Participant: 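Attaching a single structure in structure tokens format; questions to follow.
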Amino acid sequence: MFVSAHGLAHRFPGTDTLFEHLDFTIEPGHTVAICGPSGCGKSTLLSILAGWERPVEGTVERSGVDRIGWVFQNPYGVPERSALDHVVFPLLAKGERRRDAEPEAMAAMELFDLGYAAGRRFSDLSGGEAQRLMLARAVCSKPDLLLVDEPTAQLDTRTAHSVSHVLGNLAGQGMIVVVATHDPDTRDACERVIDLADYAPAGNQTSATPEREGTR
Ligand SMILES: Nc1ncnc2c1ncn2[C@@H]1O[C@H](COP(=O)(O)OP(=O)(O)O)[C@@H](O)[C@H]1O
Ligand SMILES: [Mg+2]
């Protein structure tokens, strides 16, 4: 199982070329961080890897990847449902019985230090708790390829550190894990780093502005 980029380049109408000559192969076993300042094309690259966005040049090859999981930067959920319900859902959808699904969901929540919040309504979670909940749910749905966009954007430093650590270890469980991040801590927790700054066309360095992350 792998995901490969062959000579990827992308720009949108109205943007400079975001990146070009991007070649890599990612396999399960190590978590890969995609880094670079806000606006450099990290989220776009995740979309291209997922097959949602077509690159202007190059191709993406996915081998053995049937299920793709995505954790968006902005968590969303059903306000009146419990945190546990959110994590159990993908397991029930796969046909597991609730009594088998619940311990599995709880274990995934514990990975992100969320066990204490299992019974809370989604609407009562903090932004950081909701974000960790989305990560727990994604892990429970066991995708072949897990794409995570700015996982620590809404977390305080200490929580960000522990989440980064967990993400760094996730790929050991047989998933391909790709994390888009501008957070040095998250980058350091990943075994492999693709820095999009290395693939920006010469003279294009100022197109990415160091504005606040968190909105896209
Ligand atoms: N659908 C789109 N149409 C036009 N421009 C876009 C679109 N999506 C993103 N962009 C632009 O492309 C650049 C890269 O965006 P993005 O991949 O979200 O960057 P990052 O995730 O690194 O912050 C930004 O300038 C953004 O405004
Ligand atoms: Mg982004």
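Just follow the structure's listing: the first ligand is 1, and inside any ligand the first atom is 1. Note: hydrogens, waters and symmetry copies are ignored here, and every other heavy atom, side chains too, is used. If you're wondering where the values come from, they're calculated on a predicted model, not measured in any experiment.
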Participant: Heavy-atom distances under 4.0 Å decide this one: backbone, side chain, both or neither, for L18 against ligand 1?
Facilitator: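 Side chain only.
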
Participant: Carefully, step by step, assess H21 and Y199 under the rule ring pair (Phe, Tyr, Trp, His ring centres under 6.0 Å).
Facilitator: CA-CA 7 Å; H21 309 308; Y199 299 91; 8.6 Å; no

Participant: Does any N or O atom in S43 lie less than 3.5 angstrom from one in ligand 1, N or O only?
Facilitator: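 Yes.
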
Participant: Under 2.8 Å from the Mg ion (ligand 2), can any N, O or S atom of S43 be found?
Facilitator: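 Short answer: yes, at least one N, O or S atom is under the cut-off.
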
Participant: Name each donor-acceptor pair under 3.5 Å that joins a side chain in residues 28-36 to protein atoms two or more places apart or in another chain, with its distance.
Facilitator:
unit_1 : atom_1 : unit_2 : atom_2 : d
T31    : OG1    : L167   : O      : 2.8
T31    : OG1    : G168   : O      : 3.2

Participant: How about F12 and H10: are their ring centroids closer than 6.0 Å?
Facilitator: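 Yes, close enough.
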
Participant: Do D183 and T152 pair up side chain to side chain, a donor and an acceptor below 3.5 Å, judged on atom types alone?
Facilitator: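 D183 vs T152: donor-acceptor pair found between side chains.
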
Participant: For C140 and A105, which heavy atoms make the closest approach, and how far apart are they?
Facilitator: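 Shortest heavy-atom separation between C140 and A105 comes out as SG-CA, 3.7 Å.
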
Participant: Quick check: closest heavy atoms across G58 and L8, and the distance to 0.1 Å?
Facilitator: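 That would be C-CD2, 3.9 Å.
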
Participant: May I ask whether G41 places a heavy atom under 4.0 Å from ligand 1?
Facilitator: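 Within the 4.0 Å threshold, so yes.
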
Participant: I want to know if ligand 1 touches E53 in the polar sense, i.e. an N/O pair below 3.5 angstrom.
Facilitator: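 Min N/O separation from ligand 1 is not below 3.5 Å for E53.
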
Participant: With atoms numbered from 1 as shown, which atoms in ligand 1 lie under 4.0 angstrom from a non-hydrogen atom of T44?
Facilitator: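 The atoms of ligand 1 under 4.0 Å from a heavy atom of T44 are 15 (O), 16 (P), 17 (O).
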
Participant: Tell me which pairs pass side chain to side chain donor-acceptor pair (under 3.5 Å) where either residue lies in residues 90-110, with sequence neighbours left out.
Facilitator: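 Every side chain to side chain donor-acceptor pair (under 3.5 Å) pair that includes a residue of residues 90-110, provided the two are not neighbours, is D85-R98, R98-E102, E104-K142.
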
Participant: Go through ligand 1 atom by atom and flag the ones less than 4.0 Å from a non-hydrogen atom of K42.
Facilitator: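 Those qualifying, in numeric order: 17 (O), 19 (O), 20 (P), 21 (O), 22 (O), 23 (O).
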
Participant: Quick check on G36 - does any of its heavy atoms sit under 4.0 Å from an atom of ligand 1?
Facilitator: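 So G36 does not count as touching ligand 1.
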
Participant: Report, in ascending order of atom number, the atoms of ligand 1 lying under 4.0 Å from any heavy atom of C40.
Facilitator: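 Atoms satisfying the 4.0 Å criterion: 19 (O), 22 (O).
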
